[in-house]
Structure formats: C-alpha cells, structure tokens
Amino acid sequence: MPDTSSNINVKATAANTYDAIVIGSGISGGWAAKELTEKGLKTLLLERGRNIEHVKDYKSATKAPWGFPHRGKAPMASKINHPILARSSAMNETNLDYWVDDKESPYTEIKRFNWIRGYHVGGRSLMWGRQSYRWSDFDFEANAKQGIAIDWPIRYKDIAPWYDYAERFAGISGARDGLPQLPDGQYMPAMEMNCVEKDVASRLKEHYKGSRHMIIGRTANITQPLPGRTNCQYRNRCVLGCPFGGYFSTQSSTLPAAVATGNLTLRPWSIVKRIIYDKDTKKATGVEIVDAQNNQTYEYHAKIIFVNASTFNSAWILMNSATDIWPDGLGSSSGELGHNIMDHHMSGGAQGLIEGHEDKYYFGRRANGIYIPRYRNLFDDKRDYLRGFGYQGQASREQWSREVAEMGVGGQFKDELSEPGSWTMGLTGFGEILPNHLNRVSLDKNTKDKWGLNVLALDIDLRENEHKMGVDMLNDAIEMLEAAGAKNIKPVMKDVKDRKGAIHEMGSARMGNDPKTSVLNKWNQVWDAQNVFVTDGACMVSSSCVNPSLTYMALTARAVDHAVSELEKGNI
C-alpha cells in the first residue's frame, strides 16, 4: 500500500501564490488536486471552462425523455456549433451543454480526427464510459520486446500498488477472473450478466476451450455505498451526471475530497496560455492564464505544477511555454513533444439475434456491459500484425423503436411494439494503435480560437498494422457470434475515416528513460523542468487495447507522492 500521508504544509506566501497548481479538472487533474491537498499543499485547480456543481447542476439527470423538446435527439440547428460532435454517437439533446462549442474552440484537421471534448469542471469524467482495467506487463513490455518506439520506464510491479489505491477510492466493480493479460484488482461485487450473456459466455468458453473469455465489464460504477456516494441505481444515465454519485467523476469523488482538506482553490474559466519558466533555476515558477469570461491575463505561481489538460491540450500548453529557450516549447528538446499520438481504433464488430430466451427479461438499465479480453498475439497465437484488441458489448432485447416486418401502421403494429422484441448480442472491437512519430499535433499559427489563441493542427492516421488488425476484429466478432448460435449476424465495419474515435487520445509527451527520446521521466516529470509533471494521457508510451483512465489515476497518485517527497527533500 502506498504511503499517501505527508507532514508538508507549505503555506501560500503571497497573493496568487500557492504550493501547487493543477491545470485541468478531469479524471487525472481531479486526482492530482485530491492527492496534493490531502498531503497539505495549498493547491490551485484551474479549469478552462465553467463550473458544474455536483447534483445541483445536473439539469437533465432526472428529466424524463418526454421532457426534452426533441425527445433527446439533437436538433439540426445544434449541429452548426458542434460539427465535430455531430460525427459522434455522443451527440444528443440531453447533455449538449457538456460538450465543446466547436466554433468557439476549433482545431485544424490535416487528416480527419474526431476530437470530442468537454471544457468544464470535471471534464470528460462526467461523460466517460467508466470501463476500468489494469494494464499488464504484456502492455508495459511490448515496445521493448518488439522494437517499437521506446520502452516504458516502468513495469506493472511499479504501478500495481497504485492501481490498488486508485480502485479502492474510485470504486470499481468487477470480478477477479485470473487472466494474466488483464490483472485482477480491488473490486466491489461485480454486476451480473443477463441470461443471454451468460449463455453466450458459456458457449464461447466451450467452443474455444477456455482460450477466450467473456466477462462482466469492470466499471467505475459502485455496487456498494462509499462516503458521500450511493451505489449505482441502474438508471444508465451516467452521461448526464449522477445525483447519487453512483459512478466515479471529479464531482462525485476527488473534488469533494480535495475541498474537505481546506487546501483547495478552484478557478473555472481559466485558460492556461503558458507555463512560466525560469532559465536560471531551470524550474517553472507558475502559469499565465487568460480569463475566458473577461479576456484578461493573470499570473499564478507555485512550486509544483501538474499539467492535466488532456492529451492534446497538455501538449498545446507545453508548446507555448519557454519558447525563448526552446522554439518548440517546454519539453521539446527531445523532438518528441506533440508526436506519437495514439487512440483505440474501433474498426470492426458484429451483432446478431440470439434465440431461446424469449420468456426472459432483465430488470433495470445496467450501466455496464460485457468484455472479451485480448487473445490475439498472446501465448501461442501469432498474427501478421502486432498487439491485439478486445471487445465491449452487451445482450439486450429490442424495444419499441425496432422495425416490424411488413407493418408500418395500424393496431397490430402497435400491439407488436408493446411487447419486447428479439434478444440481440453486439460486440464492438477496441484495437491498439501503435505509437508512430508521424502521428502528431502541432500549433496552427494561422488559425485562432475565440480568445485569439493559436489552435492545434491534428495530423493523425491509422497505419498498416491497424488495418490488418481491423480485419481480424471484424471476422472474429462474426465467428464468435456464430459459435454462440446467433442468427442474422450483421457485420459492423466503420468507414476508414471514422475508425479513429474511441475518445482515448494518448501520447504527445511520452515518458521514457532517456531525455533524448522522451518528454517525461519515469515519475512523469518534464526532463527540462522537473517541478512540472504531466500525468494525463499525454504521458503514455503505448496504448494497450484496454481503456486507459484507471492507469491515469494510478500514475497521477504515484507522481504526486514522488513530487511531494522531492519537495520535502528540497530537490524541486
């Protein structure tokens, strides 16, 4: 168990001066604020967007579908200001104000990439999918073994105790499945598969002789109460904010913990323009912000700075910092800042009808699904591409919105739709994208946002390895549904332009063992300014094929522990 206590209690010494500054209030930023304040540091938490207060500001969380003018569907007019979001299934009427106005905050697409953002307190922790998995040494060792990019500077044993710590606080429900590629953790009781999922899981286990597994998802929806939080109510309305605190978010979890210390100052509407760097001490001294409401510029100072603005925005801040020393920004001395962008590609999947359970149904709306962990390029399996993929999905019964063959009007049509339809089983693949120096973000100095700031240009594409993997993702989904006895199987193959879209951006300021090839060291410190830490998705060296947010939580808690220890020793 990591020691999270500290005797340090350095007080702010002047106006606008704090012990620590955290940039960004999403999943990793919220964790940084919690850990720093609990260790006694007076901490300023900066968020570029508005404040959303827990419970009070979840305006749609308890509203019925008929309470929305368009029954939840996004009206055409809303797509004018949200052209990027409109490409995504996240686009709807119920939480439109949680998402970025793309007209106010544009970016340049050198190649098409759906950058889906939430600029407000809590960031995307309010709208995330909540699937929470540990990475294994299959992930941490893969780059070194295969000669891809650079080696991770850490291994599973280095982060395992911090996974324990993060899981216990965040509240992760799941089962201990004993799979080496998906390490078990500190879980609350798992949610239950429905009858069809249990049937399909059993058939797959038998058909593949235990080489493939269907398990219940490991999710940040709690199944037992935690302080200040009530267990998940099976409403499945998580993207609206949960008034029960049934899932982990900054608002429900880390922010209340930070506030309770009395050491936190939260400042929304604060766009960080740059980190202020002292070339004599080789340390950062603070940040410069623009107030998003009055467009005025302010400075804040601290001994430690945590950059958690999200993978792309964290790179943007570094690129705009210390340019008098490094023209390409703070952390650019290796030439890797902004490069090696990764995500998860959702290239293929399938769905089909499952017969034989027409007399059964399920109660509630479980905010979770099933997971099929990676099995390709593991153990004795060898493919013509590197790494692998997993599947997320679920079984459910068709609702009133289904089609009824040869009927479109009339009483019989209504009668048919008043009863549940067929059981369906769907699988969506999430594949690993290899780090590639050519996948990058950079400053577009010809385009500015609402506040007159240069925007990012995104030049990110899938490569041959991902395309080869996508073929297996599609074919394996069909094969598994066939093995499970599904009928009328329909492949789901996304157009190549839309395959980048899991909203799991990673890379841009990777960790490493060598300052010549990485931006951060093994403690997430910027090599060029070791009182600056980056612990969001920017720090990732590879992408695995499982959701990364739990790893961000663990890395952040670990980095704060190191930062405070180094501060106590006078090393930063």
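We count residues from 1, following the sequence as given. Worth knowing before you read on, the calculation uses all heavy atoms, side chains too, and leaves out hydrogens, waters and symmetry mates.
- In plain terms, the two heavy atoms of Asn263 and Leu41 that are nearest each other are CB-O, 3.4 Å.
- Side chain of Asn524 to main chain of Ala559: no donor-acceptor pair is present (N/O by atom type, distance under 3.5 Å, no hydrogens or angles).
- In this structure, the side chains of Phe140 and Asp158 stay at 4.5 Å or more apart for every pair of heavy atoms.
- When side chains are defined from C-beta on, Lys282 does not count as touching Asp278, because their heavy atoms never get closer than 4.5 Å.
- Within 6.0 Å of NZ on Lys448 lie more than 12 heavy atoms contributed by other residues, nucleotides or ligands.
- With Asn143 contributing its side chain and Ile150 its backbone, the two residues share a donor-acceptor pair below 3.5 Å.
- Residue Gln131 comes nearest to Gly217 through the heavy atom pair OE1-CA, 3.6 Å, listed as atom of the first residue, atom of the second, then distance.
- One finds the CG atom of Asn308 at 10.0 Å from the OG atom of Ser25 (value rounded to the nearest 0.5 Å).
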Acceptor/donor pairs from residues 118-129 side chains to any protein atom, 3.5 angstrom cut, sequence neighbours excluded:
| unit_1 | atom_1 | unit_2 | atom_2 | d |
| --- | --- | --- | --- | --- |
| Tyr119 | OH | Arg117 | NH1 | 3.4 |
| Tyr119 | OH | Asn313 | ND2 | 2.9 |
| His120 | ND1 | Tyr98 | O | 3.1 |
| His120 | NE2 | Gly123 | O | 2.8 |
| Arg124 | NH1 | Ile116 | O | 2.6 |
| Arg124 | NH1 | Glu505 | OE1 | 3.2 |
| Arg124 | NH2 | Glu505 | OE1 | 2.9 |
| Ser125 | OG | Gly122 | O | 2.6 |
| Ser125 | OG | Thr250 | N | 3.0 |
| Ser125 | OG | Thr250 | OG1 | 3.4 |
| Trp128 | NE1 | Ser125 | O | 3.2 |
| Trp128 | NE1 | Phe248 | O | 3.0 |

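- At a threshold of 4.5 Å between non-hydrogen side-chain atoms, the residues Ile572 and Ile304 count as touching.
- Residues Val100 and Ser105 approach most closely at CG1-CB, 3.8 Å, considering heavy atoms.
- Using modelled atom types, no side-chain atom of Asp444 and backbone atom of Thr108 make a donor-acceptor pair closer than 3.5 Å.
- For His54, the ring-ring contact (aromatic ring centres under 6.0 Å, His included) test picks out Tyr58, with sequence neighbours left out.
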Apply salt bridge (charged side-chain N to carboxylate O under 4.0 Å, His left out) to Arg155 and Asp139, showing your working.
CA-CA 9 Å; Arg155 292 293 185 261; Asp139 303 305; over 6 Å; no
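- For Arg48, the salt bridge (charged side-chain N to carboxylate O under 4.0 Å, His left out) criterion is met by no residue, not counting sequence neighbours.
- To the nearest 0.5 Å, the span separating CE on Met511 from OG on Ser542 amounts to 11.0 Å.
- Judged by distance alone, the side chains of Asp528 and Ser333 do bring a donor and an acceptor atom under 3.5 Å apart.
- In this view, Asp184 and Arg218 satisfy the side chain to side chain donor-acceptor pair (under 3.5 Å) rule, not counting sequence neighbours.
- Proximity of Tyr247 to Ser252: side-chain heavy atoms (C-beta onward) are nowhere separated by under 4.5 Å.
- Summarising the local packing, NZ of Lys63 is surrounded by more than 12 heavy atoms from other residues, nucleotides or ligands at distances under 6.0 Å.
- Checking side-chain atoms of Arg274 against main-chain N and O of Val287 turns up no donor-acceptor pair under 3.5 Å.
- In terms of modelled atom types and a separation under 3.5 Å, the side chain of Asn51 and the main chain of Pro268 share no donor-acceptor contact.
- No option in His344, Met506, His345 other than His345 meets the side-chain contact (heavy atoms from CB on, under 4.5 Å) test with Ile433.
- Within the 3.5 Å criterion, the main-chain N or O of Arg130 finds a donor-acceptor partner in the side chain of Ser132.
- One N or O on the side chain of Asn531 and one on the backbone of Lys303 form a donor-acceptor pair closer than 3.5 Å.
- Residues that satisfy the salt bridge (charged side-chain N to carboxylate O under 4.0 Å, His left out) test with Lys283, not counting sequence neighbours, are absent from this structure.
- No hydrogens or angles considered: nothing links the side chains of Asn547 and Ser549 as a donor-acceptor pair under 3.5 Å.
- At a threshold of 4.0 Å, the pair Asp97-Arg50 counts as salt-bridged, since one of the basic side-chain nitrogens sits closer than that to a carboxylate oxygen.
- Take Arg237 and apply the salt bridge (charged side-chain N to carboxylate O under 4.0 Å, His left out) test, not counting sequence neighbours, and it matches no residue.
- Applying the ring-ring contact (aromatic ring centres under 6.0 Å, His included) rule to pairs touching residues 306-334 yields Phe113-Phe312, Trp115-Phe312, Tyr277-Trp326, Phe306-Phe533, sequence neighbours excluded.
- Taking CZ from Arg134 and CD1 from Ile159, the interatomic distance works out to 9.0 Å, rounded to the nearest 0.5 Å.
- A donor-acceptor pair is defined here as one N or O able to donate and one able to accept, closer than 3.5 Å; no such pair exists between the side chain of Thr535 and the backbone of Thr556.
- Residues forming a side chain to side chain donor-acceptor pair (under 3.5 Å) with Ser270 (at least two apart in sequence, or on another chain): Arg267.
- With values rounded to the nearest 0.5 angstrom, Asn454 atom CG is found 12.0 Å from Met319 atom CE.
- Closest approach of Gly245 and Ile222 over heavy atoms only: O-CD1, 3.9 Å.
- Taking the side chain as every heavy atom from C-beta outward, Pro183 and Tyr133 never approach each other to under 4.5 Å.
- When atom types are taken as modelled, the side chain of Gln233 and the backbone of Arg235 share no donor-acceptor pair closer than 3.5 angstrom.
- Contact annotation: the side chain of Pro225 approaches that of Asn231 to within less than 4.5 Å [non-hydrogen atoms, C-beta and beyond].
- By the 4.5 Å heavy-atom criterion applied to side chains, Val519 and Ser334 are counted as neighbours.
- If you take CD1 on Ile460 and CG on Asn436, they are separated by 11.0 Å, rounding to the nearest 0.5 Å.
- Under the rule for a ring-ring contact (aromatic ring centres under 6.0 Å, His included), the partners of Phe138 that lie at least two apart in sequence or sit in another chain are Phe379.
- Qualifying salt bridge (charged side-chain N to carboxylate O under 4.0 Å, His left out) partners for Lys145, counting only residues two or more places apart in sequence or in other chains: Glu141.
- Here Asp536 pairs with Ser314 under the side chain to side chain donor-acceptor pair (under 3.5 Å) rule; sequence neighbours left out.
- Under the 3.5 Å distance criterion, the side-chain polar atoms of Trp527 are left unmatched by any main-chain donor or acceptor of Gly331.
- Ring planes of Trp162 and Tyr165: perpendicular class, angle over 60° (limits at 30 and 60°).
- Lys39 has a carboxylate O that lies under 4.0 Å from a charged side-chain N of Asp561, or vice versa, which qualifies the two as a salt bridge.
- Inter-residue side-chain proximity for Asp459 and Val441 is flagged as unmet; no heavy-atom pair is nearer than 4.5 Å.
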Checking side-chain hydrogen bond (donor to acceptor under 3.5 Å, both in side chains) for the pair Asn340/Glu336: CA distance, chi angles, key distance, verdict?
CA-CA 8 Å; Asn340 312 297; Glu336 297 299 334; 2.9 Å; yes
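- Listed by first and then second residue, the ring-ring contact (aromatic ring centres under 6.0 Å, His included) pairs that reach into residues 535-570 are Trp523-His562, sequence neighbours excluded.
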